[in-house]
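Since the structure comes first, as structure tokens, the remarks are kept for the end.
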Amino acid sequence: MTERLLVQRLYERHIEQVLVTVGLALATVALFDGIWGTDPRFLTGPAWMESTTRIAGANVPNDRFIAILGALVVLAAIVLFLQRTRFGMIIRAGVENRSMVTALGIDVRNAFTLVFTIGGAAAGVGGVLASHYFGYVSPLLGQTLLIFAFIVTVIGGLGSLIGAAVASVLVAVLQQFANYYLWGTGDLAVVVLLAAVLLARPSGLLGRQ
Amino acid sequence: MSQHTAYPEKSASGTAAAPVLVVRGLRAHVAGQQVVEHVDLEVAATGVTALLGRNGVGKTSTIKAVMGLIGREGGITLDGQDISHLPTHRVAQLGVGYVPEDREVFSGLTVTENLRLAERRGSEHRYDLVYDLFPELRERGQQAAGTLSGGQQQMVSLARALLNDNRVLLVDEPTKGLAPRLVQEVARVLAHAAEVVPILLVEQNLQVVRTLARDAVVLTDGRSVHHGPAAEFLDDPVATQRLLGVHGGTDPAGAV
Ligand SMILES: Nc1ncnc2c1ncn2[C@@H]1O[C@H](COP(=O)(O)OP(=O)(O)OP(=O)(O)O)[C@@H](O)[C@H]1O
Ligand SMILES: [Mg+2]
């Protein structure tokens, strides 16, 4: 719905798209705040997810495996969708040259609406996984994550799915190692990485030149 | 409006069949700027109709306006059906094939994917014809279209239009930037295609126009100012000099 009303007017204008969607996200948070307040709701998962497994001398909570698995499944599903289906082909072509796709007799708007829906579903899966990671849900939860999502997208390269996947692993590992070995400087390290990537490759790791 | 050249009652060859595409008083704009002022044209039901004029007179814009790719006003009918308010994908679905000036193949897709994307529902897909005309496209099926040479990209672009059962093709400068041998190749393909589907052709190479086109429409400053048999126009040194700035391509010096 959001896509039909607002984003469709802004195809080819990526910066405005981001501004509008982020603006809506902030407005939604404010709305939820007004209705339910921002107190975190704590939640507990199934017992198995609360326990840990020993791997290479470290105790890894089981819900992390679910999170990693979930992320991999979503990534694989999106890649397969883009590479193997006609819809995927329309989207790859439409990102490159939207008007030529319409000139072949294809209603690109339908295809892009579907993408937005899939994006929403993927974000929903991400939200559930994240809520288990944090152990609570709150409308404000998204804001910390949103900043990391931005950084990951920019480092990976705008418009590159694989770039985003690679960058998210890179950012997460760097942050954790810096937190553990460099006296909790994880967030700083991520920003340094962002700066370094932007200087060396302004279009991101796998972005178009 | 009555200032404009009267439209010939019959097409040059004398065929009685109604024109497939009729454009009346077309205006079009890009980025708030009027680029087509007043264009009348008819594409005959068979063969090639040439759309001629100097650089920047609005040939490409006229074609884009018919496709609905830029804002337009005026009458556009396909087989008598008004298509002047339809969005681009509907115009294409009704059987208008488009071969744009800069090929516009999808560089990130393979050659095969470019063709598969062009497959239109409700039309038969003439892969036999396409691979017969362009055997190279079968051999290079898995190659990314962006890595093809200019000539090969033009083949992909033409193949996308020839794949479907179209009512008319709009072909914009298909020989632009091609080596002489490839120009001949493209001309041969267009001649072959014109046997099954009428074509509106924008073309700077007047030798090619002479061999292919029966009728010609000439634009100046976004207006159609001449309609008539192509050969007659090209043989008129005063008219070609005035409207195209060149001779009509009879003498070798005129051929590009
Ligand atoms: N996107 C645009 N923004 C502004 N002006 C434009 C745009 N596209 C085309 N024009 C202008 O419209 C006019 C007609 O352009 P068009 O491309 O239709 O000409 P053409 O006859 O196809 O020329 P050529 O023979 O060089 O291909 C030109 O004066 C051009 O500068
Ligand atoms: Mg042009």
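Keep in mind that this is a model prediction, so the values were computed, not measured. Per chain, numbering begins at 1; letters A, B, ... match sequence-line order.
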Apply side chain to side chain contact (heavy atoms under 4.5 Å, CB included) to the pair Arg86(A) and Glu113(B), showing each step before the final yes or no. CA-CA 9 Å; Arg86(A) 183 172 168 84; Glu113(B) 285 176 327; over 6 Å; no
If you tally heavy-atom pairs under 4.5 Å between each of Ala118(B), Ser107(B), Gly108(B) and chain A, the highest tally belongs to Ser107(B)
How about residues 138-151 of chain B versus chain A: which residues have heavy atoms under 4.5 Å apart? none
Sub-4.5 Å heavy-atom contacts with chain A: which residues of residues 84-100 of chain B show up? Thr88(B), His89(B), Ala92(B), Gln93(B), Tyr98(B), Pro100(B)
Heavy-atom distance under 4.5 Å between the side chains of Met89(A) and Leu109(B), does that happen here? yes
Do Phe106(B) and Arg92(A) touch side chain to side chain, with heavy atoms closer than 4.5 Å? no
Can you name the nearest heavy-atom pair linking Glu104(B) to Asn97(A), along with the distance? OE1-ND2, 2.9 Å
Less than 4.5 Å apart, side chain to side chain, heavy atoms only: is that true for Leu69(B) and Thr102(A)? yes
Rounding to 0.5 Å, atoms OG (Ser99(A)) and CE (Met67(B)) come to a distance of 10.0 Å
Tell me whether Asp128(B) at atom CG has more than 12 heavy atoms from other residues, nucleotides or ligands lying less than 6.0 Å away. no
Honestly, the part of Leu117(B) sitting under 4.5 Å from a heavy atom of chain A is both
Side-chain heavy-atom pair Met100(A), Arg160(B) within 4.5 angstrom cut-off: yes
Honestly, the part of Arg121(B) sitting under 4.5 Å from a heavy atom of chain A is neither
